Visitor: 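Input: one structure, supplied below.
Remember, it's a predicted structure, so these values are computed and weren't measured experimentally.
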Amino acid sequence: MSSTSVVRQLREHLDELSSSIVAQEAVLHNLRTQRSEARRKLNRFLDPMARLPFEIQSHIFLSVDLDSEPPRPDSNAPPMIFTNVCRLWRDIALATPKLWDALLLDLPRGPQYAEFCKLWLSRACSHSLSLKLSGSLKLQGDIQELVTTYRNQIENLSFTALSPYSLEVPCMVFYLDPRFPLSSLKTLSFEADEDADFSTMSRWLGVLRAAPALASLTMRNMSFLVGYGELPPRTLTLPSLEVLHVGQPYRFAVYRKDGSTAVVLQYLTLPALKTLNVSDVDISKQEFVSFLSRSSPTLESFHLTVPHDWSVNAMSQLLRPVPSLSFLELSSDSGLTAFLPSIEVLSTSDVLPNLRQLTFNTNGHVSIAHYGKVLSMLTFRCTSCPTRLDSFVLNLPSEESGDYAHDLPAAEVRAALRRLVDDGLNIHIGPRSENLL
């Protein structure tokens with residue numbers, strides 16, 4: 001037999017073996033498929049969850065106790081962990097868009113992270129979205145593109161610059177392009193734990209103008225550049241904004257001209273405002289009063305860090321435009337001294353006639369002489385006002401704060417305060433965890 005014939009026969013035999021292998025592999029694949037299907041049927045029979053209607057299965061996943069923070073894209077935590085248990089759980093998770101409608105993005109990250117976040121949000125389908133960007137908020141183009149892509153679905157958006165990244169002077173505002181409306185946005189938060197986010201006031205107001213449905217706005221440690229090569233910004237009306245938190249300014253002499261976070265009040269009109277929290281008043285009393293008069297809101301809750309130099313007249317002008325107020329909380333580091341103008345103003349019947357809850361927070365020493373003024377004011381609010389005061393709280397420094405030696409009310413004042421308690425007024429005087437009355 002010639003060598004050519006031998007080679008041909010060997011090749012034919014090799015082809016036969018290859019064909020047999022392919023056939024056996026097909027048989028093996030079919031058997032594995034059948035085994036997998038049989039295992040799935042067995043699991044469905046044995047697994048109580050598999051016998052539940054989809055709506056209940058989905059509800060169980062949604063009922064998992066998650067942190068208050070939006071979930072991170074972590075394979076060992078919900079909802080990602082649901083996709084790694086079995087095919088059934090994966091199918092349920094992927095068919096439940098609400099599992100994927102919130103996301104916390106830890107920055108900075110690379111392009112693959114942004115792509116994964118896009119995949120995550122795509123699973124939310126048309127649901128409203130809640131996003132939180134945390135860490136280094138120096139502008140990342142791929143993340144900005146992500147925010148822009150889903151801008152019409154984003155309902156809650158939060159930016160938090162954390163140390164040491166906040167030292168990089170984050171550009172939080174620049175993740176939002178005023179040219180693209182945020183038609184569904186209801187909650188917006190900008191916070192930096194140390195340094196501030198610097199932005200021109202015009203651009204910031206442009207961002208707010210692009211969110212006409214905004215209902216809640218928080219700005220912490222932000223500074224604005226006002227008057228640096230730009231025309232004075234026009235006042236902006238946000239007709240749906242009900243909650244505003246501003247304050248904790250970062251003072252930086254080179255960049256700071258007209259103030260920090262609270263300066264935004266000069267350029268806003270908020271007719272629907274219900275809750276106002278200003279932890280630092282970095283504008284004049286006249287500008288603050290002008291904001292309240294211009295907005296004419298039906299304000300219900302007011303939290304204010306009181307400037308130490310505000311007079312009785314200043315507090316009177318501040319509180320008179322908001323007669324609807326039912327909760328007032330004032331804070332100061334100067335003991336009760338900073339509250340004396342407010343106490344005097346609140347002792348008149350035409351100021352805050354609907355006030356029900358009053359809270360003073362202080363980290364300073366309280367003189368025994370001041371308790372008499374507090375008693376007079378509380379007696380007036382309980383006996384001579386159209387609406388009786390329900391609660392008074394004076395939060396004093398705790399032992400941990402280092403100024404724990406408190407002057408307590410004189411015996412006759414304490415007895416009078418207790419009579420007010422007997423008449424239905426809830427009174428707390430002392431550290432938050434201890435009532436010294």
Visitor: So F159 and F190, would you call those rings parallel, tilted or perpendicular, with 30° and 60° as cut-offs?
Guide: parallel
Visitor: Do side-chain atoms of S311 reach the backbone of A314 as a donor and acceptor pair under 3.5 angstrom?
Guide: yes
Visitor: Under a 3.5 Å threshold, yes or no: a donor from one side chain and an acceptor from the other, between T187 and S216?
Guide: no
Visitor: Is a side-chain donor-acceptor pair under 3.5 Å present for R294 with T269?
Guide: yes
Visitor: Going through the checks in order, is the salt bridge (Lys or Arg N to Asp or Glu O under 4.0 Å) test met by D350 and R320?
Guide: CA-CA 8 Å; D350 59 342; R320 288 182 187 279; 2.7 Å; yes
Visitor: Show your reasoning for whether side-chain hydrogen bond (donor to acceptor under 3.5 Å, both in side chains) applies to T275 and S301.
Guide: CA-CA 5 Å; T275 299; S301 178; 4.6 Å; no
Visitor: Looking at side-chain heavy atoms only, is the closest gap between P71 and L103 below 4.5 Å?
Guide: no
Visitor: How about Y267 and W204: are their ring centroids closer than 6.0 Å?
Guide: no
Visitor: Going from CG on L340 to NE2 on H370, what distance comes out if it is rounded to the nearest 0.5 angstrom?
Guide: 4.5 Å
Visitor: Tell me, do I154 and N156 make a side-chain contact under 4.5 Å, heavy atoms counted?
Guide: no
Visitor: Could you walk me through whether R432 and N361 pass the side chain to side chain contact (heavy atoms under 4.5 Å, CB included) test, one step at a time?
Guide: CA-CA 10 Å; R432 294 178 186 273; N361 303 311; 3.4 Å; yes
Visitor: Please report the interatomic distance CG(L244) to CG(L273), rounded to the nearest 0.5 Å.
Guide: 6.0 Å
Visitor: Does the side chain of F288 reach to within under 4.5 Å of the side chain of L318, using non-hydrogen atoms?
Guide: yes
Visitor: To the nearest 0.5 Å, what is the distance between OG on S295 and CG on L268?
Guide: 7.5 Å
Visitor: Work out which heavy atom in R220 is nearest to a heavy atom in S279; give both atom names and the distance.
Guide: NH1-OG, 3.3 Å
Visitor: Report yes if the side chains of P79 and W100 come closer than 4.5 Å at any heavy-atom pair, otherwise no.
Guide: yes
Visitor: Could you tell me which non-hydrogen atom of L104 sits nearest to which non-hydrogen atom of S134, and how far apart they are?
Guide: CD2-CB, 4.3 Å
Visitor: Donor-acceptor pair, T83 side chain versus M80 backbone, under 3.5 Å?
Guide: yes
Visitor: Counting N and O atoms only, with roles assigned by atom type, does the side chain of N435 sit under 3.5 Å from a partner on the main chain of I429, one being a donor and the other an acceptor?
Guide: yes
Visitor: With a 4.5 Å cut-off on side-chain heavy atoms, are L107 and I143 touching?
Guide: yes
Visitor: Decide if atom CD of E344 counts as having more than 12 heavy atoms of other residues, nucleotides or ligands within a radius under 6.0 Å.
Guide: no
Visitor: Going from CG on L358 to CG on L352, what distance comes out if it is rounded to the nearest 0.5 angstrom?
Guide: 9.0 Å
Visitor: Check whether any side-chain N or O of S347 sits under 3.5 Å from a backbone N or O of I343 as a donor-acceptor pair, and report yes or no.
Guide: yes
Visitor: Decide side-chain hydrogen bond (donor to acceptor under 3.5 Å, both in side chains) for S391 and N426; before the verdict, give the C-alpha distance in whole Å, the side-chain angles of both, and the deciding distance to 0.1 Å.
Guide: CA-CA 5 Å; S391 170; N426 293 314; 5.4 Å; no
Visitor: Would E287 and S290 count as a side-chain hydrogen bond (donor to acceptor under 3.5 Å, both in side chains) if you check the C-alpha gap in whole Å, the side-chain angles of each, and the deciding distance to 0.1 Å?
Guide: CA-CA 5 Å; E287 290 165 335; S290 177; over 6 Å; no
Visitor: Do L330 and L328 touch side chain to side chain, with heavy atoms closer than 4.5 Å?
Guide: yes
Visitor: Show your reasoning for whether side chain to side chain contact (heavy atoms under 4.5 Å, CB included) applies to L236 and R234.
Guide: CA-CA 6 Å; L236 171 65; R234 293 182 293 111; over 6 Å; no
Visitor: Taking the side chain as every heavy atom from C-beta outward, state whether R90 and F82 have any pair of such atoms under 4.5 Å apart.
Guide: no
Visitor: Are F327 and H303 close enough that their ring centres sit under 6.0 Å apart?
Guide: yes
Visitor: Do you know which two heavy atoms are closest between Y113 and D106, and how far apart they sit?
Guide: OH-N, 3.1 Å
Visitor: Counting only N and O atoms by type, is there a donor-acceptor contact under 3.5 Å from the side chain of S376 to the main-chain atoms of G372?
Guide: yes
Visitor: Do you know the tightest heavy-atom contact between D333 and T362?
Guide: C-OG1, 4.4 Å
Visitor: Taking C-beta and beyond as the side chain, do L276 and V322 meet within less than 4.5 Å on heavy atoms?
Guide: no
Visitor: Going from CD on E300 to CG on L325, what distance comes out if it is rounded to the nearest 0.5 angstrom?
Guide: 9.0 Å
Visitor: I'd like to know if D101 pairs up with K98 as an ion pair, taking the criterion as any Lys NZ or Arg NE/NH1/NH2 lying under 4.0 Å from an Asp or Glu carboxylate oxygen.
Guide: yes
Visitor: More than 12 heavy atoms of other residues, nucleotides or ligands under 6.0 Å from CZ of R388: yes or no?
Guide: yes
Visitor: Which heavy atom of A102 sits nearest a heavy atom of W120, and at what distance?
Guide: O-NE1, 3.2 Å
Visitor: Do S324 side-chain atoms and L299 backbone N/O form a donor-acceptor pair below 3.5 Å?
Guide: yes
Visitor: Decide yes or no on side chain to side chain contact (heavy atoms under 4.5 Å, CB included) for F302 and E329, but give the supporting numbers first.
Guide: CA-CA 6 Å; F302 189 12; E329 181 173 9; over 6 Å; no
Visitor: Does any N or O in the side chain of S316 come within less than 3.5 Å of the main-chain N or O of V312, such that one atom is a donor and the other an acceptor?
Guide: no
Visitor: Between Q357 and D390, does any side-chain donor sit less than 3.5 Å from a side-chain acceptor?
Guide: no
Visitor: How far apart are the closest heavy atoms of L185 and L157, and which atoms are they?
Guide: CD1-CB, 3.8 Å
Visitor: Distance from N277 atom CG to S331 atom OG, nearest 0.5 Å?
Guide: 8.0 Å
Visitor: Okay, side chain of Q153, backbone of H127: is any donor-acceptor separation there less than 3.5 Å?
Guide: yes
Visitor: Under the side chain to side chain contact (heavy atoms under 4.5 Å, CB included) rule, what do L355 and R381 come out as? Steps first, then yes or no, please.
Guide: CA-CA 8 Å; L355 187 66; R381 302 300 306 190; 3.6 Å; yes
Visitor: Is the side chain of T218 donor-acceptor paired with the backbone N or O of S189 at a distance under 3.5 Å, no angle test?
Guide: no
Visitor: Are any side-chain N or O atoms of R151 and backbone N or O atoms of T148, one a donor and one an acceptor, separated by less than 3.5 Å?
Guide: yes
Visitor: Does K118 come within less than 4.0 Å of E145, counting only side-chain N to carboxylate O?
Guide: yes
